[in-house]
Every structure is written in C-alpha cells, then in structure tokens.
Amino acid sequence: MARIPSFFSNLCFRQNPKYLPAFTPQIRNRNLSLDQFNGNSEELAQHPQNANETFAQDRIFRLNETSRLSEELMQNPQNPDEKFTQNQISSVSEIAKEISKFIRTQPRWEQTLLRDFPTLNFADPVVYNAVLKQQESNVFLSLRFYLWLRSLGGVSFDPVLCNVMFSRLVEAKAAYAAKSFLHDTRFEPEPQYLELYVRCLCENGLIDEALGVFERLKMIGYYASLDTWNLALSHCVRTSRVDAVWRLYGEMMECGIVTNVDTIGHLIRAFCLENNVAKGYELLQQVLEAGHVPDKTVFNKLISALWKNGNFGTVSAVLHNMIAKNRPPDIYTYQEIIHRLCKGRMRNEGLRIFDELKNRGYFPDRVMYTTMIRGLCRNKDLGDARKLWFEMIQNGIIPNEYTYNAFIDGLWRSGHFDEAEKLHKEMVDRGYGDTTVSYNTMINGLCLNGKVEEAQALFEEMNEKGVVRDSITYSSLIKGFCLQGKITEALHFFIELRKQGFRPSTATLTTLIEKLCEAGQVKEAETLWLDMQKSGLEPAFRSLDPIISGLSKQEQFAEALEWLGCMINNGVRPKKTTLERLIEHLSLADRSDDALYVLGYTLRWALFSSKAVAIRWWINFAERIPIT
DNA sequence: GTAGGGTTAG
C-alpha cells in the first residue's frame with residue numbers, strides 16, 4: 001500500500017484509524033478503459049438495489065463523458081486546452097463538482113471514492129485539477145485529496161500543481177501543513193510563494209523556519225519585499241526574539257534593502273526588549289530628526305521600557321515628542337502610565353492622572369478601569385475601587401474576567417468576604433468562572449482569610465471541571481495551610497507541586513522552612529533547603545535564619561555555626577534576632593568562645609552600619625556573656 | 001483599514 005504522509009494521517013485519521021483507505025486491485029490499474037466502464041455500468045443497471053438509481057445512471061453518463069475527454073487529453077498532451085470545446089470543459093467541471101460534493105459529504109470518501117467512481121481516471125491532470133479547483137474554499141480537503149492521489153502511487157505531479165497547492169496552503173495561513181507539504185513533496189516552490197510562506201510562518205510564530213526560508217530566498221537571489229521583511233521583524237519583536245531581529249536586519253543590510261520608518265520602529269522595540277533603552281531612545285531621536293515619525297506602538301513601548309528603568313525624565317521627553325510630532329498619547333499610552341504608576345506605589349498619582357483624563361473628556365475603557373481598580377485595591381483603597389466599579393458599569397462597560405478578578409482579589413485582601421463571594425457568584429453566572437486565574441484568585445483569597453478548607457474544596461473542583469492548576473494554585477494553598485499552622489497539609493501540597501513538575505517560588509520555600517522550624521522540625525527544614533539547592537532551585541539564603549534559630553534552640557551549635565558561615569560567605573546578613581538567639585543560647589550553654597566569635601561578627605557588621613546600634617548591642621550582649 | 005494594552009503568589 002502506498003505510504004500516507006504522517007502529518008496527513010494525523011490530520012484526517014487521528015480519531016479513527018479504521019478510516020485508512022483500503023485499496024482494491026482495480027485501483028492499481030488506473031487507466032481504466034471505456035469497455036471496463038461500460039461493463040460496470042451494465043452491472044449497475046442489472047442490480048438496481050442502488051437507492052438512487054436514476055442519479056447513478058445520470059452520473060455514469062457524465063463519468064463516461066469525462067473519461068473520454070481525459071483520454072483525448074492524454075493523447076494530445078502538448079496543448080490540451082485547445083482540444084476542448086467550452087462544452088467539454090464544462091462537463092469536466094461538472095464531474096469535478098460531483099466529486100467535490102462527494103468528498104465534502106462523505107467522511108470516509110478515501111475508502112469509497114474509487115468504488116463509486118470506478119472508471120474515472122483520477123490521475124488525469126484535467127480531472128484532478130478540476131477537483132482541486134472546486135475545493136478552493138476548503139484548503140485542507142484539497143490537501144487531503146491531493147495526498148490521497150499521491151498515495152495511489154504512480155501519479156506524477158507537475159510543479160505547477162504543487163505550486164498551486166502550496167500557494168493555497170500559505171494563503172490559508174496553514175503554516176504547519178505548508179511546512180509538511182514542502183517536506184513531503186520536496187519540490188522547489190516559486191520564489192513568490194516562498195515569500196508568502198515566510199509571511200505565513202511568521203504569522204504562526206515559526207520564526208526560525210522563516211529565517212531558514214529567507215536564507216533559501218537569498219541563495220536563489222530573490223529579494224523579498226520590504227513589507228515582508230518588516231512583517232518578519234514585527235513578529236520577531238512580538239515574540240521577543242531579539243536575536244532574530246538582529247539577524248534579519250543584518251541580512252537586510254547585506255541584501256541592500258532600503259529600510260523605512262517601520263523597520264526602524266521594530267529596531268527601537270528590539271532595543272527596548274533587550275533593555276538597551278538608551279540606544280532605543282537615540283534611534284528615535286535620529287529618525288525624528290530625519291523627519292519620520294514611527295508608529296504609536298513604538299513610542300508606547302519606549303515609554304514602558306524607560307519607566308522600567310526609572311528614566312522618568314526621558315519618559316516625559318518622549319511624551320513631549322509625541323505631542324510635537326502629532327502623535328498625541330492615546331489610551332494605550334495613558335494606560336501604560338497608569339499601570340506603571342500603580343505598580344510602583346505611586347497609585348495616588350495614577351488616580352490623579354486617571355481623573356484628569358476623565359476631566360479632559362477621555363472615556364476610559366475597560367482595561368483602564370481594570371488597571372485603576374486593581375491599583376486602588378492593592379492600595380487597600382477599597383472605597384475608591386468600589387466607586388470606580390459602579391461608575392464603570394454606569395458608563396455601560398460590563399466587567400470581564402480581568403475586571404472581576406482584580407476587584408474580587410481586592411475584596412479578599414481587605415477581608416470583605418461576603419462581597420467577594422457574591423461577586424464571584426456573579427462572575428460564574430456570566431461564564432467567567434472556569435479559568436485558572438479565577439480559581440486562583442478565590443483560592444488565594446480564601447487562604448488569606450483562614451478559609452483554607454473551602455479553598456481546598458475549590459482545588460478539588462478544578463479537577464472535576466477540568467480547569468488546569470498551575471504553580472500559583474499550589475503556592476496559594478501551601479501558604480494558606482502554613483498560615484493555619486497545618487504543616488503536614490502544606491507539605492502534602494508542596495510534594496504535589498513538585499510531582500506536577502512546577503518550580504516552587506522562593507517565597508513558598510521560605511514560608512515552608514520557617515513553619516517547619518517553628519514546629520521544631522529543623523532537620524526536615526534543613527533537608528528541604530539542601531534538596532532544593534541540589535535540584536537547582538536556589539532557595540533563599542534568607543530562609544537560613546529560621547534554621548539557625550531553630551538549631552540554636554536545640555543547642556546544635558556546630559550546625560548552626562556552619563549555616564551561619566554559609567550565610568555570611570554568600571554575602572547575606574543574618575537577622576538581628578537570629579544572631580541574638582544564637583549568642584544567647586551559646587552563652588547559656590557555656591560556649592563563650594563561640595559566643596564571642598558570633599558577637600565579633602555582629603559588632604563588626606553593626607559598627608559598619610551604625611555606631612550607636614553597635615554600642616547598644618555590645619552593652620546588651622556583654623552583660624549576658626559569662627567571663628571566665 | 002487594524003492591532004497594540006490589563007488578571008492570580010512573592
């Protein structure tokens with residue numbers, strides 16, 4: 001049996017392998033003669049059990065006609081079209097329509113097509129071209145038909161047809177299918193289709209493949225249009241592939257492509273992505289001086305990057321540039337500014353700008369309201385958050401998943417259980433309840449408020465509803481159980497988190513270690529710390545504080561001092577209380593040498609930071625040290 | 001003519 005290309009079988013037969021086409025011996029003899037055809041038709045006439053006899057007869061007549069046309073065509077391959085009258089061509093297209101309808105409506109057409117059209121020569125280019133033409137609206141069906149023909153074996157496809165098939169795939173933006181098609185057929189597409197292929201690959205995020213095709217185009221000496229280069233650059237930027245941006249730009253230069261302001265815009269964005277904001281800003285100045293103004297997105301990204309770097313002065317300069325160059329800041333610009341202000345504890349400033357915008361006649365959209373509500377919630381300013389919530393609804397903006405979660409999170413953080421639960425119910429009713437984030441928000445909120453059992457119930461519900469749990473789901477529960485002092489349960493969920501292949505956050509580890517030490521399970525805490533380090537998770541040296549304190553309490557001084565050394569050697573200062581406790585226990589246990597050693601370190605550090613503090617501690621500790 | 005922007009832990 002002819003091999004069916006794997007991706008094709010995946011495409012069509014994944015659900016039911018029995019759909020694989022079965023080939024009858026008849027198929028191998030593809031060029032059926034008219035005699036055979038007539039024989040079949042007679043047979044059909046003699047056995048009228050066919051449910052739709054008239055239809056069958058009619059079809060047989062038309063098949064007969066097409067087959068004859070095909071044969072004529074085979075005999076005159078030089079210029080087939082001229083041999084056909086308009087009438088004959090319309091017959092071919094009619095039979096193609098017939099077949100098209102058949103393969104559209106019969107899911108298992110591969111199995112029955114040859115049986116139902118026994119005398120048709122599918123290998124005839126006129127026939128298959130006509131059928132493929134009928135499939136224009138359904139590129140996958142067309143591909144399926146094409147591959148079915150190939151699977152019959154012996155059918156040779158001309159590059160023209162391959163190009164047609166390939167161009168349809170790339171026009172339908174079916175990047176993966178086009179890629180497999182190219183791999184399977186190994187034909188050399190025409191450069192203009194390769195250019196379309198590049199675009200299609202980029203749009204599907206297959207940047208590396210696109211780079212490969214650019215390479216191929218370069219080898220055959222074909223230059224893609226500036227538009228295509230820019231499109232590729234834009235997708236590289238969107239997918240944060242800065243390396244690809246520079247590679248592409250290098251090739252553009254090599255090919256002598258004349259760039260435009262869009263190209264420069266992408267480069268500025270690339271500079272922002274690699275946190276080389278100064279360079280990005282410099283490039284903006286250059287392009288502005290040359291009299292070109294990039295897209296607003298470029299300005300917005302630059303503002304965002306500058307803000308991240310704390311270059312507020314330059315942010316202001318860019319805003320002024322925007323106004324001067326007739327690209328006034330838009331809703332995205334202001335949203336970015338408010339977002340940054342709210343993130344960076346300048347929430348009052350954020351609210352001021354938000355109000356100012358409204359006063360100047362801007363209508364904040366849902367994203368802006370969400371951002372502001374979230375900022376206010378994080379500021380524990382629930383009154384203003386609630387005010388905005390109702391204002392937004394009054395303005396006709398219906399809260400979505402983001403808005404609900406932001407506000408519900410705020411309600412939980414301020415301990416407004418009832419309102420949080422009520423709003424959550426409303427959100428569920430609106431169909432926003434079944435997402436990981438909405439579950440996480442609720443689980444985290446319940447945990448923060450000591451309702452860890454209810455949180456666990458939601459955790460189970462996620463499984464029932466098929467909502468994916470992520471590391472945040474587990475982290476929230478672990479923290480919840482730790483807050484309740486339920487270390488066994490916390491450890492259970494920690495093990496689950498690891499089993500699922502998630503990396504616990506430093507904070508989760510710190511909490512767990514702290515709680516283990518508090519419960520007197522210092523050994524377990526040590527093991528956990530070491531295990532995490534072994535698996536490359538870099539637990540915080542800060543979380544050694546509770547371990548040292550715990551060991552001091554248990555009078556395991558050698559280990560406590562060893563951990564202390566580890567902390568100091570890694571440049572992390574132990575907490576005051578850790579040192580105090582260690583010195584205290586050391587002196588109580590008559591280990592004055594060690595106590596003095598730790599004290600010496602404490603003082604050296606204390607002197608370094610503040611003389612007054614050092615003296616106070618010296619007096620404090622000196623009193624407790626027994627002089628022998 | 002269009003897209004771009006915002007959620008949960010720490």
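Note that the structure is predicted; figures quoted are calculated from it, not measured. A, B, ... follow the sequence lines: proteins, then strands. Residue 1 opens every chain.
- Counted within 6.0 Å of CD on A:Glu538, heavy atoms from surrounding residues, nucleotides or ligands total 12 or fewer; the atom is thus considered open.
- Closest to the side chain of A:His339, from the set B:dT8, B:dG6, B:dG10, is B:dG6.
- Atoms CE (A:Met368) and P (B:dG4) sit 18 Å apart, rounded to a whole Å.
- Among the heavy atoms of the strands lying under 4.0 Å from A:Asn444 are primed sugar atoms or P, OP1, OP2 only; no base atom is included.
- Minimum interatomic distance between A:Met368 and A:Phe354 (heavy atoms only, all atoms of both residues): O-CE1, 4.0 Å.
- Per the stacking criterion (ring centres < 5.5 Å, plane angle < 30°), A:Tyr402 stacks onto the base of B:dG6.
- A:Leu509 has its CG atom 13 Å from the P atom of B:dG10, to the nearest Å.
- Rounded to an integer number of Å, the gap from A:Tyr334 OH to B:dG5 C1' is 15 Å.
- No donor-acceptor pair closer than 3.5 Å links the side chain of A:Asn379 to the backbone N or O of A:Gly375.
- Heavy atoms of A:Gln335 sit under 4.0 angstrom from at least one base atom.
- The side chain of A:Ile472 lies closest to B:dT8, out of B:dG6, B:dT7, B:dT8.
- Taken residue by residue, residues 371-378 of chain A places heavy atoms nearer than 4.0 Å to DNA chain B at A:Arg374, A:Arg378.
- Among the nucleotides B:dG5, B:dT7, B:dG10, the one closest to the side chain of A:Ile331 is B:dG5.
- When rounded to the nearest whole Å, the span between CD of A:Glu514 and C1' of B:dG10 equals 13 Å.
- Of the candidate nucleotides B:dT7, B:dA3, B:dG5, B:dA3 has the atom nearest to the side chain of A:Asp295.
- Out of B:dT8, B:dG4, B:dG6, the shortest distance to the side chain of A:Asn300 is found at B:dG4.
- Look at NZ on A:Lys301: it is 10 Å from P on B:dG4, rounded to the nearest Å.
- Atom C1' of nucleotide B:dG4 and atom CD1 of A:Ile303 are separated by 14 Å, given to the nearest angstrom.
- With B:dT7, B:dG4, B:dG10 as the choices, the nucleotide that has an atom nearest any side-chain atom of A:Ala507 turns out to be B:dG10.
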